[in-house]
Every structure is written in structure tokens, then in C-alpha cells.
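The structure under discussion appears below in the form of C-alpha cells.
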Amino acid sequence: MSLDPVLARIDADLPQALDRLMALLRIPSISTDPAHADACREAADWMVRDLASIGFDARTCPTPKHPMVVGKAGETGPSLLFYGHYDVQPVDPLSLWARDPFDPAIEETPKGKVIRARGAGDDKGQLMTFIEACRAWKAVHGSLPARITMFLEGEEESGSPSMVPFLKENAETLKADLALICDTGMLGNATPAIVTMLRGLVGEEITITGPDKDLHSGMYGGPAINPIRVLARIIAALHDETGRVTVPGFYDGVPEMPEEILAQWQGTGFDPAQFLGEVGLSTPAGEDGRSVLEMLWSRPTCEVNGISGGYEGAGFKTVLPSKASAKISFRLVGSQDPVRIRESFREMVRGLLPPDCSVDFAPHGASPASQMSIGDPAFEKARLALSQEWPNPAAFVGSGGSIPVAGYFRNLLGMDSMLIGFGRDDDAIHSPNEKYDLESFHKGIRSWARILAALSA
């Protein structure tokens with residue numbers, strides 16, 4: 001099948017592709033908030049209708065929380081499974097958004113035009129690049145160049161609790177020669193990337209309880225234990241003065257990267273000052289003696305993602321709180337065991353509790369790190385195809401993010417994943433004012449069309 005008319009069709013139909021993305025972005029599919037369950041169902045149904053419009057036999061599949069979307073199309077060529085997620089992160093704090101996060105718009109910025117909305121970059125804009133590439137292939141040639149299974153999740157941003165059971169129950173339906181995942185980013189604005197290393201993730205929410213009710217800080221301050229002080233001490237104890245995590249056994253299974261790999265990373269042209277400068281920072285934090293790319297791709301981390309306790313409204317209230325809580329995540333590498341790290345962290349917290357305090361734990365996901373094998377010729381074919389669309393050649397890289405589904409695909413379905421995305425470092429994907437560059441959306445569609453052509457040749 002000829003590629004040139006497909007690329008021409010993508011260029012001509014970009015306004016319509018943007019209209020479809022905007023419609024999807026208007027749906028507030030926040031999976032972690034039960035108040036948005038209906039919106040998640042609406043987004044899943046929208047995806048089914050859109051896939052059906054280009055010939056996919058698509059349906060929603062119920063889970064205990066939000067539905068999966070599965071669709072199949074194509075009769076010849078390699079068997080490919082495409083994964084993306086239609087759910088999005090919460091929008092808090094809403095006051096920091098410059099516009100309604102679910103009222104998407106094209107904005108002109110000093111760096112070019114962007115699509116501004118929650119989910120624009122993570123992951124609705126990304127997954128639609130692949131769907132639009134399939135749409136163009138179907139419009140030009142009447143069929144797809146490969147046998148494609150679409151697999152769209154609605155719980156990725158809330159820990160994917162239904163993923164493993166669903167994969168086990170539907171393994172025969174979802175198995176393919178190769179999985180394609182579009183939920184990653186580029187190495188700078190001109191260099192596309194194929195991610196071959198992903199960090200794992202452990203999430204924990206801890207709640208410290210002291211007195212059985214909130215107290216007047218004048219009447220009880222001093223003799224009564226303050227859970228916020230206890231929580232602050234625990235958080236401060238999680239790192240030493242060199243930036244290393246102090247949880248016992250945390251670094252078991254953490255490998256040192258070979259010098260030749262570190263040399264390759266240094267040759268990518270990555271600029272740490274620019275990377276940090278784009279988010280208003282100047283000095284690398286983290287472990288002493290490690291480069292920024294090492295810290296992002298090959299070193300584990302412990303981060304505090306949120307703290308709450310006491311009076312958090314406007315004005316001031318002299319309260320001594322009954323409870324204080326924090327959300328803490330660990331990014332894992334190598335063969336670190338997420339279950340052992342969770343157990344060790346909990347034991348450490350219990351050991352730091354003073355008298356009259358108790359702790360409750362709430363787990364939020366646990367997945368190991370994963371590394372892809374690039375011995376499959378498909379990886380080099382895709383790299384060369386990507387290189388034709390962007391100014392710089394595509395690179396095989398690591399990623400600081402965690403996409404557990406890649407490991408699940410390998411362990412449960414027996415297939416490798418090719419992780420290709422078009423996000424940029426300043427997309428603010430979990431922050432207010434999230435965006436997706438219009439160039440990333442347009443070139444992303446064209447890139448997937450090229451990759452489909454290369455994999456099907």
C-alpha cells in the first residue's frame with residue numbers, strides 16, 4: 001500500500017482530526033474520582049463510536065470500575081495491539097488553570113500552537129494520533145495495512161486495578177505479535193524516541209492519627225501530640241543528606257548502568273539546564289553524583305505527591321488536627337521488588353511513630369520496572385520510519401515514567417511493547433494548564449502512518 005497519499009490525507013484532514021480530539025477532551029473522564037464515573041462511561045462509549053466509524057468491530061467491556069474498550073480491524077499483515085487510556089488526572093488546584101480544563105482550545109504560545117486541556121497530552125491527544133493514522137489508511141486504501149486490536153483503558157490514572165484480571169480473562173483476544181503504546185514523550189522537540197526502559201511504581205497513602213478529635217491549639221498545644229509534626233518527621237526521614245532513599249533494602253536490585261550506555265545518553269544532546277529551565281528550575285536535586293538522565297531513567301526515587309491535615313480553608317484557624325496524611329510514590333528500576341519495598345516502607349513508618357499515634361496505609365498500585373528487547377527487527381524499522389518525519393534521527397531511550405501495562409503485556413501475553421509517544425517535557429501532563437503541541441499531534445499522526453507502513457512491508 002502506498003504511503004504518500006495517506007500522508008497527504010492526514011495533512012488535509014487535520015482540522016477534522018482536531019475537532020474529534022476536542023470532542024473527546026470535553027469529557028471529564030477523571031477515573032480516580034467516583035463523581036466522574038458517568039463521564040468515564042461516556043468517554044468509553046465515545047471511543048467505541050469513533051472506532052466503529054472507521055470499521056473497527058468495537059465494544060465496551062465492563063470491569064468492577066471503568067470499562068475497557070476493545071476493537072478489531074484489518075485482515076492482513078502483522079498482528080498489532082495498540083494501547084492507550086481515555087481517563088485523565090484530576091484538575092486540582094482548579095484556581096491555577098487559565099481556562100476551564102474541559103473546555104479545550106488552540107492557543108498561540110511563544111513556542112507555537114498548542115492544544116490546551118486536561119488530557120490533551122496524557123493520553124487523549126496521544127492515543128488519537130494512532131487512531132487518526134488508521135483513519136487515513138482506511139480512507140485512502142479501504143483497509144488497514146495490519147491486523148490491529150485497539151485496547152483502551154479507563155483506569156490508568158487510578159492504578160489500573162482491573163488490568164491484570166482483564167488481561168488474564170481476555171488473553172486470546174488481546175495477544176498479538178507486538179504491542180504499541182503511545183503514552184511517552186520525545187527527547188527534545190526535534191528528536192523522536194522509542195522507550196526501551198520504564199521505571200516501576202509503588203504508591204502509598206499514609207494517615208497518621210493522634211487525638212480522637214481536632215483540638216484547640218491554645219488549650220492542648222504542647223502536651224498533645226500533633227499528627228502533622230509526626231508526618232513531617234517521617235517525610236524528612238525518607239532521604240539522607242546525599243539524596244539517597246533511606247527505606248531499608250530500597251536499593252536491592254538497582255543495577256549500575258554500563259559505561260557505554262551512559263556514554264550513549266550523553267551523546268543524545270540532552271540539555272539538563274534547558275530541561276530544568278522550562279519548569280522554572282536551575283539546579284538538579286536528587287542523588288549526589290548522578291546525571292539528570294541517570295536520575296530520570298535508571299535511578300529509583302521516593303517523592304511526596306501530596307500532604308493534607310488540619311484547617312486548609314481560607315483565613316486561619318488555630319486547630320491541632322486529629323489526622324494528617326500524605327501520598328508517597330516510589331519509582332523503581334532494575335529488579336526492585338515493589339511488594340518488598342511497600343512492606344519495608346510501612347515497617348519504617350511504624351518504627352517512627354511516637355506514643356498515642358497510629359497509622360493507616362492505603363496502597364495505590366505496585367508494578368516492577370520493565371526493559372524491552374530491541375533485537376526484534378520491528379524496533380529498527382520503526383526507528384527508521386520515525387526518523388523520516390522529524391528533524392533528528394529517532395533514539396532508543398529510557399523513561400522516568402511508569403507504564404505497568406508494558407510489563408503486563410510481556411508477562412501475561414508474552415509479547416514485547418514498542419513505546420512511542422510525542423509528548424514534550426513542558427506539557428504539564430499532571431499539572432494545571434496541560435497542553436499538547438499541535439505539531440506533536442500532526443506529526444504524531446504522520447509518524448504512526450509511517451510506522452504502520454514500515455511494520456507491514
Side-chain angles (χ1 to χ4, degrees), residues 181 184-188 191 193-204 237-276 281 283-304 328-345 347-348 365-376 379-380 383 394-411 416-419 425:
I181 298 175
T184 54
M186 296 174 52
L187 188 62
T191 306
I194 300 177
V195 174
T196 61
M197 297 169 57
L198 286 167
R199 291 196 289 192
L201 180 64
V202 172
E204 279 284 283
L238 290 174
H239 297 85
D240 67 16
E241 64 278 4
T242 71
R244 285 177 63 87
V245 179
T246 58
V247 175
F250 183 73
Y251 289 94
D252 293 349
V254 176
E256 288 292 337
M257 295 304 297
E259 288 298 325
E260 59 268 26
I261 297 296
L262 296 178
Q264 289 178 20
W265 291 354
Q266 290 175 355
T268 60
F270 176 80
D271 185 346
Q274 180 181 352
F275 172 75
L276 292 172
L281 300 175
T283 304
E287 292 180 87
D288 289 353
R290 302 288 180 175
S291 71
V292 170
L293 282 186
E294 280 185 274
M295 287 189 275
L296 285 174
W297 294 350
S298 66
R299 301 299 297 173
T301 66
C302 169
E303 298 293 350
V304 181
I328 297 171
S329 63
F330 300 90
R331 300 282 178 173
L332 312 182
V333 302
S335 59
Q336 284 180 291
D337 185 337
V339 175
R340 289 180 58 189
I341 286 173
R342 169 169 282 142
E343 292 171 349
S344 183
F345 168 72
E347 188 62 28
M348 177 181 174
S367 60
S370 58
Q371 185 164 348
M372 306 302 134
S373 170
I374 59 175
D376 184 341
F379 280 81
E380 182 62 13
R383 193 189 70 81
F396 293 124
V397 303
S399 171
S402 302
I403 305 179
V405 72
Y408 300 152
F409 286 164
R410 171 177 287 178
N411 297 331
D416 275 332
S417 298
M418 189 179 293
L419 296 108
D425 292 334

Approximate separation, where rounding is to 0.5 Å, of M197 CE and L419 CG:
12.5 Å
Report yes if some heavy atom in the side chain of T191 is under 4.5 Å from a heavy atom in the side chain of M186; otherwise report no.
no
Heavy-atom check, side chain of V202 versus side chain of L332, under 4.5 Å:
yes
F396 CZ to T196 OG1 distance, which is reported to the nearest 0.5 Å
7.5 Å
Within a strict 4.5 Å, meaning less than it, do heavy atoms of the L201 and S329 side chains meet?
yes
Let me confirm one number: the OG1-CD distance from T246 to E241, rounded to the nearest 0.5 Å.
10.5 Å
Distance from D337 atom CG to D252 atom CG, nearest 0.5 Å?
9.5 Å
About how many Å separate OG of S367 and CG of L198, when rounded to the nearest 0.5 Å?
9.5 Å
Mind checking whether P300 and R331 have side chains closer than 4.5 Å, heavy atoms only?
no
Main-chain N/O of V405 paired to R410 side chain as donor or acceptor, under 3.5 Å:
no
Looking at side-chain heavy atoms only, is the closest gap between M257 and W297 below 4.5 Å?
no
Is there a donor-acceptor contact under 3.5 Å from the side chain of E294 to the main chain of S291?
yes
For the residue pair F330 and F345, does the interplanar ring angle fall in the parallel (under 30°), tilted (30 to 60°) or perpendicular (over 60°) class?
perpendicular
Working to the nearest 0.5 angstrom, can you tell me the gap between F409 CZ and S370 OG?
11.5 Å
Distance-only, no hydrogens or angles: does the R342 side chain make a donor-acceptor pair with backbone N or O of G203 under 3.5 Å?
yes
With the side chain counted from C-beta on, respond yes when T242 and E287 share a heavy-atom pair under 4.5 Å apart, and no when they do not.
no
